[in-house]
Trainee: 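Okay, here's the structure, questions in a sec.
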Amino acid sequence: MPIEFSERLKALPPYLFKELDRLRDEVKAKGVDVIDLGVGDPDRPTPGLVIEALKKAAEDPKNHQYPVYSGMNSFLEVVAAWYKRRYGVVLDPKTEVCSLIGSKEGIAQFPLAFVNPGDLVLVPEPAYPVYRSGTIFAGGTPHYLPLLEKNKFLPDYKAVPTEVLKKAKIIWVNYPNNPTGATASLDFYKDLVAFAQANDLIVASDAAYSEMTWSAKPHPSVLEVSGAKDVAIEFHSLSKTFNMTGWRIGWAAGSANLVKGLGLIKSNVDSGVFQAVQLAAMAALEGPPDSVQAMGKLYRERREVLAQGLAAAGIEVFPTEYTFYVWVKAPKGLKSADFASRVLNEAGVVITPGNGFGPSGEGYARIALVQEVPRIKEAAERLAKLKF
Ligand SMILES: *Cc1c(COP(=O)(O)O)cnc(C)c1O
């Protein structure tokens, strides 16, 4: 008899993309030239100046030993300077910033520092699945906040029943949003911080896509709200902004108490980020903004090219100027899975069914702009021929 998995592992819901992965492999095996717009992983390489900084730092024996767990002082200072430049937010690098081995790691472990068994965590859906799994691993129970089209994919947290709020410890938000591309205003964050203060909640904001944009209007940060440092922590990542998903570096910033709790968990589990990677990340954050701006323009172009094919097929697209995701509505009331499998079988294009991100994603799908323009154009032409 196989040894049983723990209750916490068994409590995770099933992986909904497995069936689609199988279908994709089946179509590929038939020799179809499949265009994969499924996974949210930038296709372009990391900017050269970041690679050069890594090479130089890797040669220096000073960087070969265990790093300071919470991050090199110089890295924490560069992050604080970035907040000052970007938002006018002043952070104490020593107490209000902590390095992460990619933001996923921080998001997954954060609840371990503040959630007790029986506590509730307000988790949006459709969403990045880690808010849910981190909650479950900490012994907490997710209370889901549906992100609905009629609410511009923002959570209606004011509708949460009082008895739920009493037991709730954290509210997770993620804007610009994966998978919907929706954004939040500074007023949204102001209301959220006031609500959190009134209800003894922690605001945990995942800002992984804040810089992935071609908008003239930069996306706000929850930390811009006065009083946010009492209740909020923001998770950031270099992965999407600088095409660095494989490098594993990000940070958490905000309330000193929240950063401290996360840091205490982390110091028992990991030993920090390779210093050469921290030095490379510093080069990225301090470098000229050209590469980030160029990527923004490129995603805009890819989106426009794809949107033409989607329009021709009668597929509704939700507009955004952020992220590299196109959130679309399945036509003719199709279910997400049926829609995605028809797009795969009839056009050879992999897209992600919206219900894989949560039940409120049913009837939608996410398309990731992770191929070059000619391939996206090919995908658009194939989509345009679909008859729903
Ligand atoms: C990609 C992603 C992350 C995490 O990225 P890391 O590589 O772990 O920094 C976090 N949140 C969302 C919503 C993402 O899509």
Side-chain angles (χ1 to χ4, degrees), residues 17 37-46 50 71 75 79 82 97-111 121-135 137 142 144-145 147 153-155 170-184 203-213 219 221-222 233-254 262 266 269-270 272-274 277-278 280-281 284-285 292 295 299 320 322-327 352 354 356-358 360-361 366-370:
F17 302 132
L37 304 180
V39 182
D41 190 351
D43 55 302
R44 285 279 179 103
T46 305
V50 182
F75 173 77
V79 170
W82 183 85
V97 186
C98 169
S99 64
L100 298 175
I101 310 170
S103 62
K104 180 179 188 177
E105 175 262 310
I107 291 166
Q109 304 212 63
F110 180 66
V121 173
L122 306 181
V123 173
E125 64 83 16
Y128 186 59
V130 185
Y131 319 127
R132 175 183 68 201
S133 39
T135 298
F137 287 166
Y144 294 104
L145 303 181
L147 304 182
F153 303 107
L154 293 166
I170 302 173
I171 178 167
W172 281 101
V173 289
N174 164 225
Y175 295 97
N177 184 255
N178 172 14
T180 66
T183 55
V203 175
S205 175
D206 176 359
Y209 295 93
S210 70
E211 309 311 301
M212 193 185 258
T213 180
H219 198 276
S221 159
V222 68
I233 185 165
E234 186 166 81
F235 293 82
H236 247 291
S237 167
L238 283 91
S239 289
K240 311 292 166 48
T241 309
F242 297 102
N243 304 335
M244 289 173 72
T245 48
W247 295 57
R248 311 316 303 137
I249 181 149
W251 71 78
L262 175 60
K266 281 175 56 56
V269 178
D270 67 69
V273 180
F274 180 28
V277 170
Q278 293 187 54
L285 290 168
V292 178
M295 285 311 299
Y299 289 129
T320 184
Y322 297 83
T323 78
F324 59 172
Y325 300 120
V326 183
W327 186 242
T352 307
F357 300 99
S360 300
R366 189 193 76 178
I367 310 178
L369 300 166
V370 292

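Counting convention: from 1, in listed order, for ligands and their atoms alike.
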Trainee: Please say whether Y128 places an N or O atom under 3.5 Å from an N or O atom belonging to ligand 1.
Mentor: no
Trainee: Under a 4.0 angstrom heavy-atom cut-off, which atoms of ligand 1 come close to D206?
Mentor: 10 (C), 11 (N), 12 (C), 13 (C)
Trainee: Starting from atom 7 (O) of ligand 1, which protein heavy atom do you reach first, and at what distance in Å?
Mentor: S239 OG, 2.5 Å
Trainee: Does a sphere of radius 6.0 Å around NZ in K104 hold more than 12 heavy atoms from other residues, nucleotides or ligands, not counting ones at 6.0 Å or beyond?
Mentor: no
Trainee: Which residue owns the protein heavy atom closest to atom 2 (C) of ligand 1, what's the atom, and how far is it?
Mentor: K240 NZ, 2.5 Å
Trainee: Is it true that a side-chain atom of T320 and a backbone atom of A182 form a donor plus acceptor pair closer than 3.5 Å?
Mentor: no
Trainee: Check ligand 1 against G102 and write out every atom of the ligand that is under 4.0 Å from a heavy-atom position of the residue.
Mentor: 8 (O), 9 (O)
Trainee: Counting only heavy atoms closer than 4.0 Å, does ligand 1 sit against the backbone of N174, its side chain, both, or neither?
Mentor: side chain
Trainee: Step by step, would you call Y209 with Y322 a ring pair (Phe, Tyr, Trp, His ring centres under 6.0 Å)?
Mentor: CA-CA 7 Å; Y209 295 93; Y322 297 83; over 10 Å; no
Trainee: List every atom of ligand 1 that sits less than 4.0 Å from any heavy atom of Y131, numbering the atoms from 1 in the order shown and giving each element.
Mentor: 13 (C)
Trainee: Hey, which atoms in ligand 1 end up nearer than 4.0 Å to a heavy atom of S237?
Mentor: 5 (O), 6 (P), 9 (O)
Trainee: Identify, by atom number and element, the atoms of ligand 1 in contact range of R248, meaning under 4.0 Å from any of its heavy atoms.
Mentor: 6 (P), 7 (O), 8 (O)
Trainee: Testing the 3.5 Å rule here: is there a donor-acceptor pair between the side chains of S99 and Q278?
Mentor: no
Trainee: Counting only nitrogen or oxygen atoms and a 3.5 angstrom limit, does S103 reach ligand 1?
Mentor: yes
Trainee: Does any N/O atom on Y209 come nearer than 3.5 Å to any N/O atom on ligand 1?
Mentor: yes
Trainee: Can you name the closest pair of heavy atoms from G181 and T323 and give their distance?
Mentor: CA-OG1, 3.9 Å
Trainee: Looking at G272 and I101, what are the two nearest heavy atoms and their distance?
Mentor: O-CD1, 3.9 Å
Trainee: List the atom of E125, the atom of F357, and the distance in Å for their closest heavy-atom pair.
Mentor: CB-O, 4.0 Å
Trainee: Do the side chains of R248 and E105 get close enough for a salt bridge, i.e. N-O under 4.0 angstrom?
Mentor: no
